[in-house]
Amino acid sequence: MTKKRNLLFFIGFVLLPALAGCQSQGQKAKEQNQDVYIISDTIEEVSSKQEQQEENSGEELPLLQQEEEELSQPQKVIVENPSWEYFCKEGEVQPFSQTFALEQVEKEKNQIIDTEQWFEDKQLQQPTISSSQEGYSWYLEGDNYYDLYLLHLVNQTTGEETILDFSNYRYGEHYIEEDYDFISQRITHVKIENNLLYVATSHNTYSESSPETAYITAIELSDFSIRWKTRPLVCNSYSFEIVGDSIICGYGFTAEDDYLYILDKNTGMVTERIPIDSMAEYIMEKEGYLYVRTYDTNYCYKIVEK
């Protein structure tokens, strides 16, 4: 201990002139910054303070900070599947009068593999698995591209993130056992309008393998309850459009009938179906026209008010 104090005295002897011999300045430094140790501290005291700081750095976060971090974690919601048939929370569905008709103005064969060229020629934006609309952004997640069943939804105003889990929509009650590996349903398209979330789900094989597929479901953003769900075999297109009080989507597959379907946006009921030559892939509205890309044919319809 004597050697340590002698060493400390020597250090103090050397440094004090540099401090202009003013003890009050050293004290002032300590008052301004508690991490500055004045020369009267012993080596043992300095070491003790350093050890205490290291111990404090390993302590648990304050309760308030823990709560803030917990609140920042995404909320996960298992989305209810109300039925494999048609469902509407309103109960009895009121009659619906469609306010427009689709008048075909163009029909031409495509090259099947020229999808990107079609989007470029028509100056349309190809849908992706992430997008934003009406103050929300979202992206899809799953085991692979053909099994996207988690919808990450972010409120852009509050920053709150919710993960909507569509596990209950993936496998129907009836299916061919040998085709089980092909019938997992995924989210194919998402839209938001007036605090309603519209989500399309379907598998990518024949309906005979599992007929409970190809739905659009309307979900309340306020509490994530189901407002309505279409009947099956209505929408396996990669996109759908909202036009006025209607939704336009498409269903079809190899060796199955192919149609455009028009739905009542408020109930999900089918109000009209229009035959097409092959399965509808993309359905896009632009400036009063509806552009439909099917497997081997391109259509253009004029939206005519009734």
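The residues of the chain are indexed from 1 along the displayed sequence.
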* To do: Treat each ILVMFWY residue as a node, draw an edge where side-chain heavy atoms are under 4.5 Å apart, and state whether Y295 and Y251 are in one component.
  => no
* Asked: Taking 4.0 angstrom as the limit, do D143 and R186 come out as a salt bridge?
  -> no
* To do: Decide whether L263 and I242 are clustered together by the hydrophobic rule: side chain heavy atoms of Ile, Leu, Val, Met, Phe, Trp, Tyr closer than 4.5 Å, transitively.
  => yes
* **Minimal non-hydrogen separation, L196 against R227, with atom names** => CD1-NH1, 3.3 Å
* Structure fact -> Those residues at least two apart in sequence (or on a different chain) that pass ring-ring contact (aromatic ring centres under 6.0 Å, His included) with F87 are none
* **Stepwise side chain to side chain contact (heavy atoms under 4.5 Å, CB included) check, E80 with S225** => CA-CA 7 Å; E80 176 194 7; S225 62; 5.8 Å; no
* Asked: Do we see a donor-acceptor contact under 3.5 Å between the side chains of Q126 and E116?
  -> no
* Could you walk me through whether Y261 and I248 pass the side chain to side chain contact (heavy atoms under 4.5 Å, CB included) check? -> CA-CA 6 Å; Y261 286 93; I248 306 175; over 6 Å; no
* CD/E305: more than 12 non-hydrogen atoms of other groups inside 6.0 Å -> no
* Point-to-point distance, once rounded to the nearest 0.5 Å, from CE of M279 to CZ of F253 -> 7.0 Å
* Asked: Going by atom types alone, do T271 and Q98 pair a side-chain donor with an acceptor below 3.5 Å?
  -> yes
* Side chain to side chain, S246 and K265, heavy atoms closer than 4.5 Å -> no
* By side-chain hydrogen bond (donor to acceptor under 3.5 Å, both in side chains) - contacts of E241 (at least two apart) -> none
* Those residues that, when tested against Y86, pass ring-ring contact (aromatic ring centres under 6.0 Å, His included) (two or more places apart) -> none
* Structure fact -> Sorted by chain and residue number, the ring-ring contact (aromatic ring centres under 6.0 Å, His included) partners of F119 (sequence neighbours excluded) come out as Y282
* Do I163 and V77 touch side chain to side chain, with heavy atoms closer than 4.5 Å? -> no
* Asked: Taking the hydrophobic residues Ile, Leu, Val, Met, Phe, Trp and Tyr, and joining any pair whose side-chain heavy atoms are under 4.5 Å apart, which ones share a cluster with W84?
  -> Y215
* Take I247 and I216, measure what side chain to side chain contact (heavy atoms under 4.5 Å, CB included) needs, and give me the verdict at the end. => CA-CA 10 Å; I247 295 175; I216 294 179; 4.0 Å; yes
* Structure fact -> Scanning both residues in full, the closest heavy-atom pair of E281 with T115 reads OE1-OG1, 4.5 Å
* Structure fact -> Joining Ile, Leu, Val, Met, Phe, Trp and Tyr whenever any side-chain heavy atoms lie under 4.5 Å apart, the cluster holding F182 also takes in none
* Structure fact -> Residue set satisfying salt bridge (Lys or Arg N to Asp or Glu O under 4.0 Å) with D179, at least two apart, ordered chain then number -> none
* **Trace of the side chain to side chain contact (heavy atoms under 4.5 Å, CB included) decision for E220 with N195** => CA-CA 6 Å; E220 305 274 1; N195 292 316; 5.9 Å; no
* Any ion pair linking R273 and D257 (charged N to carboxylate O, less than 4.0 Å)? -> no
* To do: Using modelled atom types only, decide if a donor and an acceptor are shared between the side chain of E141 and the backbone of L151 within a distance under 3.5 Å.
  => no
* **Test item: H189 and V199 side chains (from C-beta on) under 4.5 Å apart, heavy atoms** => no
* To do: Taking the side chain as every heavy atom from C-beta outward, state whether V234 and V270 have any atom pair closer than 4.5 Å.
  => yes
* To do: Indicate whether the side chain of S184 and that of D147 have a donor and an acceptor atom separated by less than 3.5 Å.
  => yes
* Looking only at heavy atoms, what is the nearest atom pair of N155 and T157, with distance? -> OD1-N, 2.9 Å
* Backbone of G250 reached by a side-chain donor or acceptor of S237 within 3.5 Å -> yes
* To do: Find the distance between OG (S131) and NZ (K191) and round it off to the nearest 0.5 Å.
  => 7.5 Å
* To do: Check V154 against E161 and note the closest heavy-atom contact, atom names and distance.
  => CG2-CG, 3.9 Å
* Taking side chain as C-beta onward, heavy atoms only, is T217 less than 4.5 Å from Y169? -> yes
* **Rounded distance (nearest 0.5 Å) linking atom CD1 of I183 with atom NE2 of H174** => 11.5 Å
* Asked: Mind checking what makes side-chain contact (heavy atoms from CB on, under 4.5 Å) contact with T294, not counting sequence neighbours?
  -> I276, S278, V292, D296, T297, Y299
* Heavy atoms, side chains only, cut-off 4.5 Å: are L197 and W138 in contact? -> no
* To do: Please identify each residue that fulfils ring-ring contact (aromatic ring centres under 6.0 Å, His included) with Y180, with sequence neighbours left out.
  => Y171, Y175
* To do: Check N298 against W118 and note the closest heavy-atom contact, atom names and distance.
  => ND2-CD1, 3.4 Å
* To do: Starting at OH of Y149, measure out to CG of L164 and round the result to the nearest 0.5 Å.
  => 13.5 Å
* Going only through I, L, V, M, F, W and Y residues with side-chain contacts under 4.5 Å, is there a path from Y301 to V243? -> yes
* Asked: Does one hydrophobic cluster hold both L148 and V79, with members joined at side-chain heavy-atom distances below 4.5 Å?
  -> yes
* **Pairwise distance CZ(F96) to CD1(I262) - rounded to 0.5 angstrom** => 9.0 Å
* **Remaining members of hydrophobic cluster (4.5 Å side-chain criterion), I78** => none
* **Salt-bridge criterion met for E103 and K302 (N-O under 4.0 Å)** => no
* Validation row: I226, K89 side chains within 4.5 angstrom (heavy atoms) -> no
* Asked: According to a 4.5 Å side-chain heavy-atom criterion applied to Ile, Leu, Val, Met, Phe, Trp and Tyr, with indirect links allowed, do I129 and V190 form part of one hydrophobic cluster?
  -> yes
* Pairs involving residues 196-208, ordered by first then second residue, that meet side-chain hydrogen bond (donor to acceptor under 3.5 Å, both in side chains) (sequence neighbours left out) -> S207-E256
* To do: Taking the side chain as every heavy atom from C-beta outward, state whether I192 and L153 have any atom pair closer than 4.5 Å.
  => yes
* Asked: Salt bridge check: are K229 and E85 linked by an N-O gap of less than 4.0 Å?
  -> no
Which atom pairs, one a donor and one an acceptor, fall under 3.5 Å between side chains of residues 283-290 and the rest of the protein, sequence neighbours left out?
| residue | atom | partner | partner atom | Å |
| --- | --- | --- | --- | --- |
| E285 | OE2 | G288 | N | 3.2 |
| K286 | NZ | K122 | O | 3.2 |
| K286 | NZ | Q123 | O | 3.4 |

* Measuring from S167:OG to N81:CG, what's the distance to the nearest 0.5 Å? -> 11.0 Å
* **Minimum heavy-atom distance between W228 and N266, given as atom pair plus value** => CD1-O, 3.3 Å
